[in-house]
Amino acid sequence: MKNIVVLVSGGGTNLQALIDAQNNGMFKNGRISCVISSKSGAYALERAAKNSIPTRVIARNSYDDFSSYTDALLSALQEENADLIVLAGFMTILDSKIIKAYENKIVNVHPSLIPAFCGVGFYGLKVHEQALARGVKYSGATVHFVNEEADGGPIILQKPVAVNSDDTPEVLQRRIMEEAEWILLPNVVKLFCEDKIKVENNKVIIKD
Ligand code: GAR
C-alpha cells in the first residue's frame, strides 16, 4: 500500500477530488496517509480532518531560513514514509534537496496546458488572467512530475478546456478545475499507485 502525502496551501478542492476518489475505491494500492499544509488556516486541513486523514502544518514563515524549512518538510515526508507526494494547490517552492530525494515521485497539478502560462510567477488566478489577456481559445490543466525547473518536469496527463469570450479569471479557473484538474489528478494518482507511469528521456509513458 503506497503512502500518498498531499501538500496544500489553500481551499483544497483538488485535495477534495482525491478524497472523493479514495472514498469511491479508486486507489486500490494507495491511501492518502497525510495532508501537509504550508498555511495554518487552510480550508484544505478541514477537508482532511472531516475524513480522518492526519494533518500537519509546516509554514515557511515559522522558520528562520529556507534551508531549515526544507529540512523540516523533508523530515516530515520521511517520517510519513511518503511513496507519492502530490502538490495540490501548494504555493511554496520546493528546494532541490526534496526534489532530488523524491525523483519522479512528486506530482503537481497546474491550471494551464504546459508549456503555456507556466513557470515562475504563474500560479492560481494569475495563470487564468494571462490566458485571457492573450486571448487563447483553449486552456486546460496539466499534471506533471516535479523537477528542478518550475513546471518543467515530465508531463503525465493534460486536458484542454474551452475559453469563452465573456470568461473572467474566476469563471475560467472554476471551469478548468471542474472539467480538467479534478479528473486528471485522481487519475494520475491511480496510475501511479498501479505502477503504470514510466519516465524515459524526460517523457512519460503510460503502461496498459
Ligand atoms: C488550482 O487551480 C491549482 O491548479 C493551482 O492552484 C489552485 C488550487 O486550488 N495551482 C497552481 O497554480 C500551481 N502552480 P485548490 O486549493 O482548490 O486545489
Side-chain angles (χ1 to χ4, degrees), residues 4-23 32 34-51 53 55-60 73 84-95 98-99 106-134 136 138-163 167-189:
I4 304 160
V5 176
V6 185
L7 271 51
V8 297
S9 299
T13 65
N14 278 288
L15 169 66
Q16 189 64 53
L18 293 173
I19 292 171
D20 293 346
Q22 169 160 286
N23 291 344
I32 305 169
C34 182
V35 169
I36 302 178
S37 175
S38 65
K39 286 201 186 118
S40 56
Y43 185 64
L45 290 167
E46 284 186 40
R47 296 182 191 269
K50 274 184 199 154
N51 287 274
I53 297 167
T55 60
R56 292 180 179 227
V57 176
I58 302 177
R60 168 69 187 87
L73 186 53
L84 170 65
I85 299 162
V86 181
L87 310 188
F90 184 66
M91 299 303 180
T92 306
I93 297 287
L94 286 182
D95 188 69
I98 294 179
I99 294 170
I106 308 175
V107 299
N108 177 49
V109 58
H110 182 77
S112 75
L113 293 174
I114 289 174
F117 312 115
C118 65
V120 176
F122 284 90
Y123 57 89
L125 272 182
K126 288 178 199 283
V127 178
H128 307 295
E129 284 163 7
Q130 292 298 315
L132 291 175
R134 184 62 185 84
V136 293
Y138 282 88
S139 189
T142 303
V143 181
H144 62 92
F145 281 118
V146 172
N147 67 9
E148 288 175 61
E149 185 191 339
D151 296 325
I155 291 169
I156 308 168
L157 292 181
Q158 292 188 295
K159 193 167 187 283
V161 173
V163 177
D167 276 347
T168 61
E170 290 79 5
V171 167
L172 181 59
Q173 179 183 53
R174 181 75 190 183
R175 186 180 315 113
I176 289 175
M177 283 174 159
E178 283 175 358
E179 294 183 14
E181 295 184 46
W182 300 342
I183 298 164
L184 294 181
L185 195 57
N187 270 301
V188 164
V189 170

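Predicted, not measured: the structure shown is a model, and the values here were computed from it. We count ligands from 1, going down the list as the structure has it; atoms in each ligand are counted the same way.
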Any N or O of [X] closer than 3.5 Å to N or O of ligand 1:
{"X": "Phe90", "result": "no"}
{"X": "Thr13", "result": "yes"}
{"X": "Gln173", "result": "no"}

Check: [X] side chain, [Y] main-chain N or O, donor-acceptor pair, under 3.5 Å:
{"X": "Ser112", "Y": "Phe117", "result": "yes"}
{"X": "Ser9", "Y": "Met91", "result": "yes"}
{"X": "Gln22", "Y": "Ile32", "result": "yes"}
{"X": "Arg56", "Y": "Leu73", "result": "no"}
{"X": "Arg175", "Y": "Val163", "result": "no"}
{"X": "Gln158", "Y": "Ile114", "result": "yes"}

May I ask you to list the atoms of ligand 1 that are less than 4.0 angstrom from any heavy atom of [X]?
{"X": "Gly11", "value": "16 (O)"}
{"X": "Phe122", "value": "14 (N)"}
{"X": "Met177", "value": "1 (C), 2 (O), 9 (O), 17 (O)"}
{"X": "Gly124", "value": "11 (C), 12 (O)"}
{"X": "Glu181", "value": "1 (C), 2 (O), 3 (C), 4 (O)"}

Top protein contact for [atom], by heavy-atom distance:
{"atom": "atom 6 (O) of ligand 1", "result": "Met91 CE, 3.2 Å"}
{"atom": "atom 8 (C) of ligand 1", "result": "Gly89 CA, 3.6 Å"}
{"atom": "atom 16 (O) of ligand 1", "result": "Gly12 N, 2.9 Å"}
{"atom": "atom 14 (N) of ligand 1", "result": "His110 ND1, 3.4 Å"}
{"atom": "atom 13 (C) of ligand 1", "result": "Val109 O, 4.0 Å"}

Pairwise distance CG(Leu18) to CD1(Ile53) - rounded to 0.5 angstrom: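 With rounding to 0.5 Å, CG (Leu18) is 9.0 Å from CD1 (Ile53).
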By side chain to side chain contact (heavy atoms under 4.5 Å, CB included), Thr168 pairs with (sequence neighbours left out) Glu170, Val171
Taking the side chain as every heavy atom from C-beta outward, state whether Val109 and Leu184 have any pair of such atoms under 4.5 Å apart.
->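 A side-chain contact is absent here, since even the closest heavy-atom pair is not under 4.5 Å.
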